[in-house]
Amino acid sequence: MRWYRAPAKLNLSLRVVGRREDGFHDLESLVAFADVADWLGFAPGPSFELLVEGPGASETGPIGDNLVARAVRSLAARAPGLRSGAFRLVKRLPAAAGLGGGSSDAAACLRALAEANGLGFDDARVIAAASDTGSDVPVCMSACARMMAGVGDRLGPPVRLPALFAVLVNPRKAVATRDVFRALGMEKGIYRDRRTPDQAVAAPTTLDALAAAGNDLEAPARTVLPAIADILDRLRRLEGARLARMSGSGATCFALFDDPGAAATARGRLAAEEPGWWIAASALG
């Protein structure tokens, strides 16, 4: 069995540009990846199997609804005769947490299937299957820092970030993305501005630029789960923290540090104070 890493995704910035007539929201987000991750094992075989284990296994729901299973079905529909096999998912990231865990799992699955079937990661069928499986799956395929825009269908080139270290905190309470967007309350057809697909979105790659960028989903997420406000306040008061923000639609929040020792110390302090929370320290990049 070969193992594939499925790292946590962090939205370092997130701007809601508008809401399309089909109901989906167009976003602009600088995405980076942490070194905390799920792991997906794969052994080619005659039929699809999926075993989910690990500390987050109970949060993943029915096997048929898992994004790994959806990714297999999506690629198989586009590549007749696709060789599948047995998957073993070790779930360490919390679910419905704004970390793209399920999307990263699906991306790892598609990488495994592509390799087993002699397909390039840039094969049109693999790309289409990624988009069909979930809006965050395409950016998780390469798992490098970059801007993503639209509904995850427009990816900018990889960007270089300064050395950043993060403390990630989730109160072990799931937040449904649909509830956060409902609380945002943006009507269909409303746009703050419009960009054509060829208009590049500048990446806020410095701490000062990130501080000015924000996450437009933080305020509505706090109405869904008020504990997010408390977590952000706690993170902002950590010694050495340069910036605190929510990732995606929540509930995971993070503080950024430019010193790994300060991040590790902050992680230990929070873990001692809040043993019921999921807390991790991680380098980004």
Side-chain angles (χ1 to χ4, degrees), residues 7-16 27-37 93-101 136 145-148 159 161-175 177 179-181 183-184 203-285:
K9 168 195 67 70
L10 285 183
N11 297 90
L12 298 185
S13 68
L14 193 156
R15 182 169 183 260
V16 182
L27 310 175
E28 294 174 354
S29 178
L30 174 60
V31 172
F33 290 84
D35 57 15
V36 290
L93 301 175
L99 293 174
D136 280 342
R146 64 174 76 225
M147 289 296 295
M148 60 181 290
V159 299
L161 297 175
L164 293 175
F165 305 90
V167 173
L168 286 63
V169 175
N170 183 279
R172 296 194 181 276
K173 294 181 180 179
V175 173
T177 300
D179 294 340
V180 175
F181 278 108
L184 179 67
T205 55
T206 67
L207 279 168
D208 287 343
L210 281 171
N215 179 344
D216 288 347
L217 297 181
E218 271 186 24
R222 288 197 301 266
T223 69
V224 176
L225 183 64
I228 290 171
D230 175 61
I231 294 169
L232 288 169
D233 181 63
R234 298 274 292 276
L235 289 174
R236 291 185 180 111
R237 288 188 280 112
L238 292 173
E239 185 175 355
R242 300 289 304 279
L243 171 70
R245 181 159 295 157
M246 186 184 79
S247 180
S249 57
T252 301
C253 299
F254 60 89
L256 294 182
F257 299 77
D258 49 22
D259 175 64
T265 298
R267 187 264 169 205
R269 173 184 167 185
L270 274 178
E273 295 173 352
E274 301 290 349
W277 288 0
W278 179 87
I279 304 173
S282 172
L284 302 185

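Just so you know, these numbers come straight off a predicted model, no measurement behind them.
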Visitor: Run L256 and L284 through side chain to side chain contact (heavy atoms under 4.5 Å, CB included) and show every step you take.
Guide: CA-CA 9 Å; L256 294 182; L284 302 185; 3.8 Å; yes
Visitor: Checking side-chain contact (heavy atoms from CB on, under 4.5 Å) against S249, which of D179, V180, L14 comes through?
Guide: V180
Visitor: Give me the atom names and distance for the closest heavy-atom approach of L12 to R245.
Guide: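 Minimum heavy-atom contact is O-NH1, 2.8 Å.
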Visitor: In Å, rounded to the nearest 0.5 Å, how long is the span from CZ of F254 to CD1 of I279?
Guide: 16.0 Å
Visitor: Under the side-chain hydrogen bond (donor to acceptor under 3.5 Å, both in side chains) rule, what pairs show up with a residue in residues 270-285, not counting sequence neighbours?
Guide: D35-S282, R234-E273, R234-E274, R269-E273
Visitor: At their closest point, which heavy atom of L235 faces which heavy atom of C253, and how far apart are they?
Guide: CD1-CB, 3.7 Å
Visitor: Could you tabulate the donor-acceptor pairs under 3.5 Å formed by side-chain atoms of residues 168-175, not counting sequence neighbours?
Guide:
unit_1 : atom_1 : unit_2 : atom_2 : d
N170   : OD1    : R172   : N      : 2.7
N170   : ND2    : T252   : OG1    : 3.0
R172   : NE     : G276   : O      : 3.3

Visitor: Could you give all pairs that pass the side-chain hydrogen bond (donor to acceptor under 3.5 Å, both in side chains) test and reach residues 212-229, with sequence neighbours left out?
Guide: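 Every pair satisfying side-chain hydrogen bond (donor to acceptor under 3.5 Å, both in side chains) with a residue in residues 212-229: R192-D216.
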Visitor: Please name the pair of heavy atoms, one in A281 and one in A263, separated by the smallest distance, quoted to 0.1 Å.
Guide: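 Where A281 meets A263 most closely, the heavy atoms are CB-O, 4.3 Å.
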Visitor: Could you tell me which non-hydrogen atom of S29 sits nearest to which non-hydrogen atom of N11, and how far apart they are?
Guide: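 Residues S29 and N11, closest heavy atoms: OG-ND2, 2.8 Å.
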Visitor: Measure the shortest side-chain to side-chain distance between L164 and L207 over non-hydrogen atoms and say whether it is less than 4.5 angstrom.
Guide: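 Counting from C-beta outward, L164 and L207 do come under 4.5 Å.
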Visitor: Measure the spacing between CG of L210 and CG of L243 and express it to the nearest 0.5 Å.
Guide: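 Spacing of CG (L210) from CG (L243) equals 6.5 Å.
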Visitor: What pair of heavy atoms forms the shortest contact from A34 to P7, and how long is it?
Guide: O-CB, 3.3 Å
Visitor: One pair to check against side chain to side chain contact (heavy atoms under 4.5 Å, CB included): M148 and D136. What are the steps and the verdict?
Guide: CA-CA 9 Å; M148 60 181 290; D136 280 342; 3.5 Å; yes
Visitor: Test side chain to side chain contact (heavy atoms under 4.5 Å, CB included) on D258 and R242; report intermediate values, then the result.
Guide: CA-CA 8 Å; D258 49 22; R242 300 289 304 279; 2.5 Å; yes
Visitor: Locate the shortest heavy-atom distance separating S13 from L30; write the atom from each residue and the value.
Guide: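 What the structure gives for the nearest pair is OG-N, 3.2 Å.
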Visitor: What do the steps show when you test M246 against I228 for side chain to side chain contact (heavy atoms under 4.5 Å, CB included), and what is the final call?
Guide: CA-CA 8 Å; M246 186 184 79; I228 290 171; 3.9 Å; yes
